[in-house]
Amino acid sequence: MIPQTFKEVIDLGDGREISIETGKLAKQAHGSVVVQSGKCMLLCTVVSNYKQSDVDFLPLTVDYREKFAAAGRYPGGFFKREARPSDGEVLTMRLVDRVLRPLFPKDYHAETQVMIQLMSHDDDVMPDAMAGLAASAAIQLSDFPFECAISEVRVGRINGEFIINPSRTQLAESDIDMVIGASADSVMMVEGEMDEISEEEMTEAIKAAHEAIKVQCAAQIKLAEAFGKKETREYAGEREDADLEKKVYDLSYDKVYEVAKAGSSKHERSTAFDTIKEEVKATFSEEELEDFGDLVSKYYSKAEKAAVRDLTLNEGLRLDGRKTTEIRPIWCETDYLPSVHGSSIFTRGETQALATVTLGTSREANQIDMPSYEGEEKFYLHYNFPPFSTGEARPIRGTSRREVGHGNLAQRALKGMVPADCPYTVRVVSEILESNGSSSMATVCAGTMAMMDAGVQLKKPVSGIAMGLISDGESGKYAVLSDILGDEDHLGDMDFKVTGTADGITACQMDIKVKGLSYEILVNALKQARDGRLHILEKITDTIATAREDVKEYAPKMVSVRIPNEYIGALIGPGGKVIQELQKETDTTIVINEDPVTEEGVVEILGTGQEGINAVLAKIDSITFKPVVGNSYEVKVIKMLDFGAVVEYLEAPGNEVLLHVSELAWERTENVSDVVNMGDIFEVKYFGIDSRTRKEKVSRKALLEKPEGYKERAPRTDHKDRGSRDNRDRDNRNRDRKRD
């Protein structure tokens, strides 16, 4: 018997719908929903342990996976089973996590899992845009202590019209690709890429997305009420002691304020704060610290945060002594690494990124194999954040979700500026060597310079900046901080990263922690970010104004040519013999692809030496050479035969044709060597395919004057008559055999 189900339908306003259903699947989970749009179906389940964990944070795991069966496909690789998450799945997990995490109580520490699975795929629906909706809807059906319903949508813009949750096809035409996460009251998260749009246009896109999110939040609440809203669970929260909090505040606030106002370096400041904390602890006995030492540490952190925020709001000063709009000192350098194809160093304050660029063929493209998307990237960026960059020693356990997310943001910032006709596959790697505030934005700047150093003809250089916001809801005062420090990253009400050219925004990432942030403040913050971005851009262009005209001497040069489809086999040769020998002889890499539209062969030739590339081009010209009927060509004798000479076209070495003995001269030729010899060079006329021999015909004599008194040979006897006589003789022989 099928259990009772509950369902709500959300109208997207253009004939498309999203449904949220519960009651049929995964009923032992604390909350479960199936979200469907078209044929795309997501199953989301949520579970949270009833026992608090012995940690001082929320151990929340958001897991998003796409099942290959959802698209009727098998997983790639030897083991036909889904394994570690792809970068695309990790990015979706981060989008959902960033909106959910702040809405749990700060003292809720129970192990919590949100699992989202793509169970059925639709080519016209991008599932990641519905993951946040699925997660929130499942939580609304649970008894978790969770502040309010949220949702996420993707917004695009085509011909000035905003589209909610566009398809991948529509997204290809859009100049905006943003995912916005919000509650009914407040925008909480923004991430995406744009085609050099203005700050006002970006704000309008956020507004359009928020209106759609309000409808989705209302649908979740309605579904939960129909299903039966559960009572919020009780849990053992953290201990609180108001008197102790006041004592710690009084002991530390003024001292922290003075240290914060001193404008010291990260190391000096950290040491001074640790000293104040130890002085506060010293006022308590060992027994007291054993009893409530964790509360002392927590209350000290709150006092430190309050002092730093107040310093900025009251005096417009920051931890390192800068004003709110001031950018830290910047120095840049290109061509630092002697053997790489392109390199640069970007240093801003205590943040440093070393970027490298490697150029390759389409064979080096990054292959994306997900159930919801198959394709390749000819430009991609990888970001590495080793522990030494923050002066720490910690275990290295592969690429973290943070590294995937930061690298993707930098990649989206830059990819729109790589020309569509760039012949190379371009890989940028950013190594973070120091970090104290927005290494991802340092990666954007270093990546720009490294590509220009490598000779990649960027449309425009790109810079990026990390911003912060501190606000006082009661007084209405706020301060926007340009180029935030690592310490400022967590104490503000909003931190956002914006990248762009001199003409507009190319990517952004925002996490908004304050409720009801006005769009006026948001626009002002974005405009201040633009001023900082342009300042940094000027430092970049002072270091390298334009891209190198060509790649470096030791970097590979790339030439791409197209050949008719029928010549691809000849260029490859039997078992790849021709192309393999050609690569070995010329010290090049040759890649052949087929254009799916024109069905032409696209040949990429990569090599450090121009001579080798030229040799490959000459071979291609030879293979694809097609003489024109009536034209004359220079040839060279390469083989002597009794009935003619094999000649090679000089403009297409390796392309041979037989020059028959009868076409050598007007006079009768008994021996081929009487007229030509090995190595002789002369001209011949091309006649196309001979109707009698069905072979290509060339003639030397056709270009010579007829000798005086030359007479044409008498035509042969009629073939038909001769054939009739031959047939009669054959019939007579057959009759004689029968008699015998």
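The structure presented is a predicted model; accordingly, all values stated were derived computationally and were not measured.
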Report task. Can you spot which of Thr425, Ile605, Thr361 makes a side chain to side chain contact (heavy atoms under 4.5 Å, CB included) with Met558? Result -> Thr361
Report summary line: Residue set satisfying salt bridge (Lys or Arg N to Asp or Glu O under 4.0 Å) with Arg154, at least two apart, ordered chain then number -> Asp128, Asp177
Requested in this report: Say whether, by atom type as modelled, one donor and one acceptor occur between the side chain of Ser136 and the main chain of Gly132 under 3.5 angstrom.
Outcome: no
Report summary line: Residue pairs meeting ring pair (Phe, Tyr, Trp, His ring centres under 6.0 Å), one or both in residues 535-561, sequence neighbours left out, come to none
Requested in this report: State, without any angle test, whether Tyr478 and Asp493 hold a side-chain donor-acceptor pair at a distance under 3.5 Å.
Outcome: no
Query raised in the report: Which residue pairs satisfy the ring pair (Phe, Tyr, Trp, His ring centres under 6.0 Å) criterion with at least one member in residues 406-448, sequence neighbours excluded?
Result: Tyr383-His406
Query raised in the report: Can Glu89 and Ser86 be counted as having a side-chain donor-acceptor contact under 3.5 angstrom?
Result: yes
Query raised in the report: Any Lys/Arg nitrogen of Arg401 or Asp97 sitting under 4.0 Å from an Asp/Glu carboxylate oxygen of the other?
Result: no
Query raised in the report: If you look only at pairs with a residue in residues 366-378, which of them pass as a salt bridge (Lys or Arg N to Asp or Glu O under 4.0 Å), with sequence neighbours excluded?
Result: Arg73-Asp369, Arg73-Glu374
Query - Partner residues of Thr501 under the side-chain contact (heavy atoms from CB on, under 4.5 Å) criterion, sequence neighbours left out - result: Glu196, Met417, Lys460, Val462, Asp503, Thr506
Query raised in the report: Between the side chains of Ser362 and Asn593, is a donor N or O closer than 3.5 angstrom to an acceptor N or O?
Result: yes
Query raised in the report: Got a sec, which pairs hit ring pair (Phe, Tyr, Trp, His ring centres under 6.0 Å) with one end in residues 356-380, sequence neighbours left out?
Result: Tyr380-His382
Query raised in the report: Charged N to carboxylate O below 4.0 Å: is that the case for Lys415 and Glu193?
Result: yes
Query raised in the report: So which heavy atom on Thr443 is nearest to which on Ala410, and how close?
Result: CG2-CB, 3.7 Å
Report task. Ignoring hydrogens and angles, state whether a donor on the side chain of Thr390 or Glu392 is under 3.5 Å from an acceptor on the partner side chain. Result -> yes
Query - Carboxylate-amine/guanidinium contact Arg16 Asp124, below 4.0 Å - result: no
Query - For Thr588, all residues meeting side chain to side chain donor-acceptor pair (under 3.5 Å), sequence neighbours excluded - result: Thr586
Requested in this report: Could I get the full list of side-chain contact (heavy atoms from CB on, under 4.5 Å) partners for Asn436, not counting sequence neighbours?
Outcome: Lys266, Arg269, Arg328, Glu350, Thr351, Leu485
Query - Those residues that, when tested against Arg402, pass salt bridge (Lys or Arg N to Asp or Glu O under 4.0 Å) (two or more places apart) - result: none
Report task. Check whether more than 12 heavy atoms from other residues, nucleotides or ligands sit under 6.0 Å from atom CD of Glu549, and answer yes or no. Result -> no
Requested in this report: Using a strict 4.0 Å threshold on nitrogen-to-oxygen distance, state whether Arg98 and Glu191 make a salt bridge.
Outcome: yes
Report task. Using a strict 4.0 Å threshold on nitrogen-to-oxygen distance, state whether Asp335 and Arg548 make a salt bridge. Result -> yes
Requested in this report: Could you walk me through whether Val428 and Leu414 pass the side-chain contact (heavy atoms from CB on, under 4.5 Å) test, one step at a time?
Outcome: CA-CA 10 Å; Val428 178; Leu414 293 169; 5.6 Å; no
Query - Partners meeting side-chain contact (heavy atoms from CB on, under 4.5 Å) with Asp421 (sequence neighbours left out) - result: Pro419
Report task. With sequence neighbours left out, write down each residue that passes salt bridge (Lys or Arg N to Asp or Glu O under 4.0 Å) with Glu364, or none if nothing qualifies. Result -> none
Report summary line: Closest non-hydrogen atoms of Ala209 and Ile164, given as atom of the first, atom of the second and distance, are CA-CD1, 4.0 Å
Query - Glu600: partners by side-chain contact (heavy atoms from CB on, under 4.5 Å), with sequence neighbours left out - result: Arg562, Thr598
